[in-house]
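Take a look at the structure below.
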Amino acid sequence: MKLITAVIKPHRLDEVKAALQAFGVHGLTVTEASGYGRQRGHTEVYRGAEYTVDLVPKVRVEILVEDSDADQLVEVVVKAARTGKIGDGKVWSVPVDTAVRVRTGERGPDAL
Amino acid sequence: MSPEEVLSSTNIAYVVICAAMVMLMTPGLAFFYGGMVRVKSALNMLMMSFISLGIVSILWVLYGFSLTFSDTSSSPIIGNLDYLGLQDITVDQGEQIAFIVFQLMFAILTPALMSGALADRVKFGSWALFVVLWVTVVYFPVAHWVWSPTGWLFEQEVIDFAGGTAVHINAGAGGLAAALVIGKRIGFKKDPMRPHNLPMVLLGAGLLWFGWFGFNAGSALSPSGTAALMALNTQVATGAAIVGWLVYERIRHGAFTTLGAASGAIAGLVAITPSGAHVNPMGAILIGIVAGVACAWAVGLKYKLGYDDSLDVVGVHLVGGLVGTLLVGFLATGGLGGFEQFGKQALGAFSVLAYSFVVTYLIAQLIQRTIGFRATEDEETAGLDLAYHAETGYDFSQSGTAPVSVDSVPVSANAKKVDA
């Protein structure tokens with residue numbers, strides 16, 4: 001199994017969700033995150049004081065998948081999340097040892 | 001009812017309603033300031049205003065009204081103690097009582113205004129003591145100077161219809177002095193100190209604006225033509241100041257900010273306060289625009305000069321108060337305006353400024369050197385809400401329960417659980 005993690009622009013979440021559903025992914029976890037890459041942050045002005053806000057809002061999507069689907073799913077996520085502008089985010093995958101469905105106790109690929 | 005009684009009851013109704021509107025300004029100010037600070041000390045900021053409603057109400061009855069407005073005093077400096085405890089007031093003196101409650105709201109608001117200069121870093125108990133000392137030694141005498149018929153600025157014919165000197169210059173100068181004694185917030189000019197809730201700031205500005213009609217038009221003390229003119233000018237100057245601030249900001253910093261609109265409104269309200277009954281609506285527009293631009297410029301001074309007037313009590317109240325108090329010297333209608341009146345206005349403005357600055361500095365030093373005024377570094381860094389109020393302002397945790405230890409569940413609640 002693999003864990004695919006995508007850190008993306010918040011307004012691309014709906015596209016990514018729709019693309020994953022179309023692919024047949026049954027579940028995912030979404031977390032609000034903040035961070036920066038090459039995009040760095042933006043400037044805000046409060047009564048003339050300019051603040052550089054370097055951590056910008058992002059959304060982190062996590063999906064557990066079978067090894068055979070992993071490469072293709074990474075492509076699906078990247079395609080759905082892309083706007084072509086700086087700050088689109090990152091997608092990566094890592095191997096997973098164990099996964100258990102809490103309700104039934106099923107293990108491994110059966111738990112997905 | 002005789003004609004006198006009808007007039008009297010009309011005035012009482014008018015002044016009591018205006019008093020209620022002015023009361024609303026203090027919670028409005030709490031929201032205005034509270035939204036501007038960081039989340040960790042938001043409740044403390046609200047409480048610094050709210051506590052004034054408690055403390056000053058008591059002091060006003062005990063001796064405040066007497067020291068400010070006692071009509072048996074002929075002193076140009078301060079009233080006397082003939083009205084101690086308001087013991088001899090009877091229900092027959094309706095207009096007098098209405099005036100007492102109306103002026104009480106001013107005495108509550110003025111020290112609360114200074115809290116913005118001390119945001120996020122003072123001990124709450126020391127602030128409460130500061131309010132007691134400050135209204136006693138600074139506000140009561142200065143209000144006597146300006147509004148009591150025997151007060152020395154009143155006799156100089158300084159125009160201050162609703163409180164440009166006694167309230168705003170007074171609070172602005174005092175806020176600056178106290179901020180200099182207390183020092184800067186940890187991280188001033190280094191860490192970003194973004195307002196944590198701008199919608200709350202705008203809500204507070206709206207409540208202040210509404211209450212300000214009571215503050216300004218109510219100062220006529222009767223539902224007269226002066227009151228109506230004051231209401232009109234209050235609206236017009238405030239609108240103009242919003243436009244002035246936003247245009248300055250757009251040119252200078254590239255954006256029309258919400259905080260700028262809210263601040264511009266307050267700047268306009270402050271500037272029209274002393275002047276609104278003595279100018280025409282075109283004069284009010286001019287005062288509003290000048291106040292908006294001048295204050296938008298002045299809020300940047302603290303970064304250049306290096307004092308931490310956290311929420312710009314100086315930039316908005318002192319500068320706005322000066323703009324209104326000085327400009328009315330020239331713009332006053334009815335043959336009053338001119339260099340002579342301007343000289344009187346300058347005398348009034350700068351004598352209040354100097355007295356308030358010096359005496360407030362001494363009071364703040366006294367507190368700092370005895371019980372301590374500034375919060376400890378740990379308290380300030382962790383936030384004053386936990387240190388002094390044992391609360392947090394917001395709980396947005398999705399599980400619906402903040403991480404609370406079971407020890408904090410009241411014993412009776414535990415007992416019920418066992419029974420069930």
Side-chain angles (χ1 to χ4, degrees), chain A residues 3-18 20-21 25-64 83 85-87 89 99-104 111, chain B residues 32-33 35-38 116 119 185 187-198 201 205 245-246 248-264 266-267 292-304 308-316 319 396-398:
Chain A
L3 172 68
I4 298 177
T5 305
V7 176
I8 60 171
K9 285 185 169 162
H11 69 270
R12 299 306 292 178
L13 178 61
D14 285 343
E15 277 78 0
V16 170
K17 249 174 24 191
L20 288 171
Q21 248 157 24
V25 170
H26 297 302
L28 50 79
T29 305
V30 175
T31 328
E32 290 187 10
S34 55
Y36 65 81
R38 290 188 198 169
Q39 177 193 14
R40 304 300 303 200
H42 59 264
T43 304
E44 296 185 5
V45 187
Y46 297 98
R47 281 185 176 167
E50 295 187 8
Y51 294 132
T52 306
V53 180
D54 50 7
L55 296 177
V56 288
K58 295 283 167 191
V59 164
R60 181 172 59 211
V61 183
E62 287 164 311
I63 319 142
L64 271 175
T83 68
K85 297 200 188 86
I86 197 162
V100 183
R101 173 171 282 123
V102 172
R103 177 169 53 86
T104 60
Chain B
F32 181 67
Y33 281 166
M36 266 188 258
V37 297
R38 291 165 291 174
R185 284 167 292 177
F188 177 65
K189 287 216 300 196
K190 290 198 295 284
D191 302 345
M193 295 177 177
R194 278 193 293 177
H196 88 281
N197 189 339
L198 282 176
V201 174
W245 188 303
L246 286 180
Y248 176 89
E249 234 186 1
R250 177 67 181 81
I251 295 170
R252 192 71 208 284
H253 304 290
F256 304 106
T257 69
T258 310
L259 183 57
S263 313
I266 305 306
V293 174
C295 294
W297 167 79
V299 294
L301 287 178
K302 66 179 179 194
Y303 298 109
K304 286 184 194 131
D308 184 7
D309 168 22
S310 317
L311 309 181
D312 300 304
V313 183
V314 176
V316 175
V319 173
F396 290 137
S397 60
Q398 292 214 333

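Proteins get letters first, then strands, A, B, ... in listed order; numbering begins at 1 in each. When reading the values below, keep in mind they use all heavy atoms of this one structure, side chains included, and skip hydrogens, waters and symmetry mates.
Only the side chain of A:Tyr51 comes within less than 4.5 Å of a heavy atom of chain B; its backbone N, CA, C and O stay farther away. Looking at B:Met36, only its side chain comes within 4.5 Å of chain A, counting heavy atoms on both sides. For B:Trp297, no part lies under 4.5 angstrom from a heavy atom of chain A.
Going from atom OG1 of B:Thr257 over to atom CD of A:Glu44 covers 11.0 Å, rounded to the nearest 0.5 Å.
No side-chain heavy atom of B:Ser263 sits less than 4.5 Å from a side-chain heavy atom of B:Asp312. Side-chain contact between B:Val313 and B:Tyr33 is present, with heavy atoms from C-beta onward closer than 4.5 Å.
Remark: side-chain polar atoms of A:Lys9 are not paired, donor with acceptor, to backbone N or O of A:Gly89 under 3.5 angstrom.
Taking B:Arg252, B:Met193, B:Lys189 one by one and counting their heavy-atom pairs under 4.5 Å with chain A, the maximum is reached by B:Met193.
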